[in-house]
Visitor: 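Mind having a look at this structure? Questions to follow.
Here, residue 1 is the first one in the sequence, and each next residue gets the next number. Indexing begins at 1, ligand by ligand and atom by atom, following the structure's order. This structure is a prediction, so every number in the text was calculated from the model and none was measured. No hydrogens, no waters, no symmetry mates; every other heavy atom, side chains included, goes into these values.
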Amino acid sequence: MSAGNLLYAQSGGVTAVINASAAGVIEAARKSKKIGKVYAAKNGIIGALREELIDTSLESVEAIKALRHTPGGAFGSCRYKLKSLEDNREQYQRLIDVFRAHDIRWFLYNGGNDSADTSNKLSQIAGKLGYPLQCIGVPKTVDNDLVVTDTCPGFGSAAKYTAVSITEASLDVASMHESSTKVFVMEVMGRHAGWLAAAAGLAGRKETDAPHIILFPELVFDEAKFLAKVKATVEKVGWCTVVVSEGVRNAAGKFLSEVGTRDAFGHSQLGGVAPMLAELVKRELGYKYHWAMPDYLQRSARHIASKTDSEQAYAVGKAAVAYALAGLNAVMPVIRRRASSPYRWEIEPAALNDIANHEKKMPADFIRADGFGITAAARRYLAPLIAGEAYPPYRADGLPDYVVLKNKLIRKKLPAYRIADK
Ligand code: F6P
C-alpha cells in the first residue's frame with residue numbers, strides 16, 4: 001500500500017549531471033512500495049504552481065537509465081523565487097492545494113542555494129498549514145558554492161571541461177604564438193565564487209605552465225597588475241593564457257561583465273569579461289588575442305563529464321529518496337570527504353537551514369600569493385573531483401545517444417493558476 005506520491009523538480013541553472021540525480025530519485029522511488037507515483041514538475045516550481053505534473057511512470061526503465069548520461073534538465077528547470085509567506089500566502093497555499101490534490105507527500109527539489117531556501121520554506125509552511133509533507137533538497141550547481149557539502153554535483157564535470165579546454169586551447173596558442181595569437185582569454189562561470197576558474201589551474205603545475213593567469217571573483221581586479229603579469233608572461237614564455245571568472249569585480253565592487261539584466265532572484269546577468277580583457281590587452285600591450293566564453297557549453301558538457309561527479313549526482317538522488325522514506329524533513333544529502341588521495345566520500349543528511357542562503361567561496365589558502373593561480377591545497381581538493389571519465393554512448397551518426405523523455409502531464413484537478421511576476 002502506497003503512502004502517497006513523490007514530486008521531484010529541477011531548479012536553477014542545469015548541469016551535465018542533474019539528470020543523473022533524477023535517475024537516482026526515480027530508480028530508488030520505483031523500488032519502494034511506500035511511494036506511489038513519482039511525478040516531476042514541468043519547469044521546476046512553476047510547474048508545481050501550475051499543476052503541470054509529469055507522470056514519470058510512463059517512462060521506460062531504459063529511458064530513466066539514459067538520464068544518467070544525458071545533460072540539461074530533462075523535466076525543465078526555472079529561476080523563480082517564491083515570495084515570503086507574509087508577501088504571498090496564497091502562492092504557498094496553492095502549492096499545498098496541488099500537493100493535496102495529487103496526494104504528494106514528498107517534495108524533492110534539485111537545486112542550489114536558492115532552491116534549498118525554497119524547500120526549507122515550503123517544509124515550514126506545510127507544517128503551519130497542517131499538511132503532512134517532507135521536503136528534501138538535492139544538491140546541484142556548477143558554481144560549487146553550497147556550504148556543508150564537500151562539492152556540488154555538476155561542478156566536477158564543468159570543472160573537468162574547464163581544465164581540459166584550457167589545456168587544449170593552450171596547445172593551440174603555443175603553436176601559433178610566433179607569428180599570430182599571443183594571448184588567449186577564457187571566461188568561466190562562477191558568480192561569486194572562483195571554483196570553476198580555480199579548476200582550470202589543474203591544467204598546469206608550474207607558474208610558467210598554462211593557464212598563466214587565473215582571475216578570481218574573490219579578489220579585486222587590479223588592471224595594472226594584470227597587464228604587468230600578461231607582459232611578463234609573454235616575454236618569458238612567448239604567449240599567455242588567461243582564465244577569468246565571470247564574477248570578477250573592480251575596486252568599486254562592480255562586476256566587470258555586468259550586462260544590465262537581472263533574474264527573478266535579483267541576480268545580475270553576467271557575461272563578456274573575456275572580450276573586455278582581451279581588448280584591454282590589445283590596447284595596452286598590442287598583442288594579438290583570441291577569447292572564448294564557453295557559457296552554457298561548460299555546464300552542459302556531458303561528453304567530458306567527470307566520473308566522480310556523475311556518480312555523486314546519482315548517489316545524492318538515491319539518498320534523497322532514502323531520507324524521504326526514513327521520515328527526514330528539511331534536509332539535503334551532502335557529500336562528506338573522508339580522504340583526498342585516494343578520494344573517499346560518503347553521503348549524509350544536513351539540515352537545509354544550515355545550507356540555504358549561504359555561499360561557499362574559495363578559501364584564501366587556495367589562492368596563490370600572487371593572486372593569479374591555485375595552491376597545492378586547492379589542487380588536493382579539486383583533483384579528485386574531475387577524476388575519471390563517464391563518456392555517454394554514441395550513436396552510429398557520431399552524436400551522443402541522449403534521451404528525450406515523453407514528459408506526459410497528468411490530468412489537472414484544480415482551476416488554472418496564473419503565475420504572477422517571474
Ligand atoms: O547555475 C549557476 C550559473 O550557471 C552561474 O554560474 C551563471 O552565472 C548562471 O547560472 C547563469 O544563469 P542563467 O542560465 O539563468 O542565465
Visitor: Report the residues that fulfil salt bridge (charged side-chain N to carboxylate O under 4.0 Å, His left out) with E348, sequence neighbours left out, ordered by chain and then residue number.
Guide: R336, R338
Visitor: Using heavy-atom distances only, which candidate in R79, E246, H192, Q298 approaches atom 10 (O) of ligand 1 most closely?
Guide: R79
Visitor: In ligand 1, which numbered atoms sit nearer than 4.0 Å to a non-hydrogen atom of V142?
Guide: 4 (O)
Visitor: Need the ligand 1 atom indices (1-based, order shown) with element for anything under 4.0 Å from a heavy-atom of G13.
Guide: 1 (O)
Visitor: Does any N or O atom in K140 lie less than 3.5 angstrom from one in ligand 1, N or O only?
Guide: no
Visitor: Who pairs with F107 by ring-ring contact (aromatic ring centres under 6.0 Å, His included), at least two apart in sequence or on another chain?
Guide: F99, Y109
Visitor: For F155, run the side-chain contact (heavy atoms from CB on, under 4.5 Å) check against L196, D309, I386 and tell me which one passes.
Guide: L196
Visitor: So is G190 in contact with ligand 1, going by heavy-atom distances below 4.0 Å?
Guide: yes
Visitor: Could you tell me which atoms of ligand 1, counted from 1 in the order shown, lie closer than 4.0 angstrom to a heavy atom of Y296?
Guide: 13 (P), 14 (O), 16 (O)
Visitor: Below 30° counts as parallel, above 60° as perpendicular, anything between as tilted: where do the rings of F221 and F226 land?
Guide: tilted
Visitor: At a 4.0 Å threshold, what atoms of ligand 1 neighbour a non-hydrogen atom of D143?
Guide: 2 (C), 3 (C), 5 (C), 6 (O)
Visitor: Stepwise, does the ring-ring contact (aromatic ring centres under 6.0 Å, His included) test hold for Y381 with W195?
Guide: CA-CA 11 Å; Y381 166 73; W195 297 106; 5.3 Å; yes
Visitor: Quick check on contacts: which atoms of ligand 1 are under 4.0 angstrom from a heavy atom of M189?
Guide: 4 (O), 6 (O)
Visitor: Should the pair R89 and Y92 be classed as cation-pi, given the thresholds of under 6.0 Å to the six-membered ring centre and 45° from the axis?
Guide: no
